[in-house]
Protein chains: 2
Amino acid sequence: MTTLLTPAAAADRTGVSLDTLRYYEREGLIGPIRRSPGGRREYTEDDLFWIGLVTCFRDAGLGIADLREFVAILRAEHSAQDRVTFLRERRATLEQRVAALRRAMEVLDDKIAYYS
Amino acid sequence: MTTLLTPAAAADRTGVSLDTLRYYEREGLIGPIRRSPGGRREYTEDDLFWIGLVTCFRDAGLGIADLREFVAILRAEHSAQDRVTFLRERRATLEQRVAALRRAMEVLDDKIAYYS
DNA sequence: ACTTGACCTGGAGCGCGCTCCAGATCTGAG
DNA sequence: CTCAGATCTGGAGCGCGCTCCAGGTCAAGT
């Protein structure tokens, strides 16, 4: 028997608010989450794991649309080749962000050196 | 004689739109930019340089408020110590972002490996 | 002088990613 | 059975960072 979590528990475990959980589901980033007979959401461990992935990418600055595309690619039938291509593209954009951050950090380092 | 640039030229050189240049000025991120007798903005090379810094930080994901604070710290009278402290804090938050990006990239790498 | 186009200001509008709210329903404790 | 508290839905509201617009001014060519 798989343990099911209430929305509150899921929010607690993932650090994502109830509203945001619902929002992500509406947007197709997670779920659809199964429901109890009464209509309440019941989150599985798998759901939590997936939510973790989503928040990981959100934290990295990917937008909702990006993530929706990500979900689509991983869920729908796509050749492994397509998936790899897509994933590599995403990886490249993340690397560009890292580069932008490094540039900014260099500027800060220069200023820090100047004032030290 | 220092060369002065029209707004259009400044936008062109910096890659920032006219509207955004005005917006940044209103928000106190740049300038105030000097004006011609007729009231038009005239950008100096120094202005352009500063705009470059601002866009560098914007590209790194810093918010307008962060940048305003940045400007304030660098312009107003503050001890070198204060400045260094502030700059180091900023640097730390940028490093956290890099870490978040790295985590996301690891996830992508795992998926790429899986589908390869 | 006239026209054209760049520029001015103040303010409205927009897309994103939530966040909040109202009003209804479900659930569990007593 | 009752009542409080958790959850439901649909939709409004919000902060951010621009972006766009109207109505007017300025500058340069003819």
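Here is how names work: the chains are called A, B, and so on, in the same order as the sequence lines, proteins then strands, and each is numbered from 1. Both backbone and side-chain heavy atoms feed into the values below; hydrogens, waters and symmetry mates do not.
As a whole-Å value, the separation of B/Leu5 CG from C/dA6 C1' is 15 Å. We find that CD of B/Glu25 is positioned 12 Å from P of C/dG10, with the value rounded to whole Å. Summarising the geometry, the separation between CD on A/Glu42 and P on D/dA6 is reported as 18 Å, rounded to the nearest angstrom. As a whole-Å value, the separation of B/Glu27 CD from D/dT19 P is 14 Å. Atom-to-atom, CZ of B/Arg68 to P of D/dC16 comes out at 9 Å; the value is rounded to the nearest Å. Protein atom CG of A/Leu21 is 13 Å distant from nucleotide atom C1' of C/dC18, rounded to whole Å. Remark: P of C/dG5 and CG of B/Leu18 are 17 Å apart, rounded to the nearest angstrom. Across the protein-nucleic acid pair, B/Ile30 atom CD1 and D/dC18 atom C1' stand 14 Å apart, rounded to whole Å.
Of the residues in residues 48-66 of chain A, those with a non-hydrogen atom less than 4.0 angstrom from any atom of DNA chain C are A/Arg58, A/Gly63, A/Ile64.
Ranked by how close their nearest DNA chain C nucleotide is to the 5' end, A/Asp19 and A/Gly39 are led by A/Asp19. With DNA chain D read from its 5' end, the first of the two nearest nucleotides for B/Arg26 and A/Arg40 is the one closest to A/Arg40.
The pair B/Asp109-A/Arg91 meets the salt-bridge criterion, with a side-chain N (NZ, NE, NH1 or NH2) lying under 4.0 Å from an Asp/Glu carboxylate O. Residues B/Glu27 and B/Arg68 are paired through a salt bridge, judged by an N-O separation under 4.0 Å between the basic side chain and the carboxylate. A salt bridge is absent between B/Glu95 and B/Arg90; no separation between the charged side-chain nitrogens and carboxylate oxygens falls under 4.0 Å.
Heavy atoms of A/Arg22 sit under 4.0 angstrom from at least one base atom.
The side chain of B/Ala8 has C/dA6 as its nearest neighbour among C/dA6, D/dT9, C/dC8.
Rounding to the nearest 0.5 Å places CZ of B/Phe57 at 10.0 Å from OG1 of B/Thr55. Rounded to the nearest 0.5 Å, atoms CD (A/Glu89) and CZ (A/Phe86) are 7.5 Å apart. Taking OH of B/Tyr24 as the start and CZ of B/Arg58 as the end, the distance is 5.0 Å to the nearest 0.5 Å.
One finds a side-chain N or O of A/Ser36 lying less than 4.0 angstrom from the OP1 or OP2 phosphate oxygen of C/dT27. The phosphate of D/dT19 (OP1 or OP2) has a side-chain N or O of B/Thr20 nearer than 4.0 angstrom. Between D/dT19 and B/Ser17, a contact under 4.0 Å exists linking OP1 or OP2 to a side-chain N or O. Dashed line: the shortest gap from a side-chain N or O of B/Arg41 to OP1 or OP2 of C/dT9 is under 4.0 Å. In this structure, A/Thr6 reaches the D/dT7 phosphate: one of its side-chain N or O atoms is under 4.0 Å from OP1 or OP2. A/Tyr23 has no side-chain polar atom (N or O) that falls below the 4.0 Å cut-off from OP1 or OP2 of C/dC16.
Here the closest heavy-atom approach between residue B/Leu94 and residue A/Ala104 is recorded as CD1-CB, 3.8 Å.
A side-chain contact (heavy atoms from CB on, under 4.5 Å) with A/Tyr43 holds for exactly one of A/Thr3, A/Thr6, A/Leu4, A/Ile51; it is A/Ile51.
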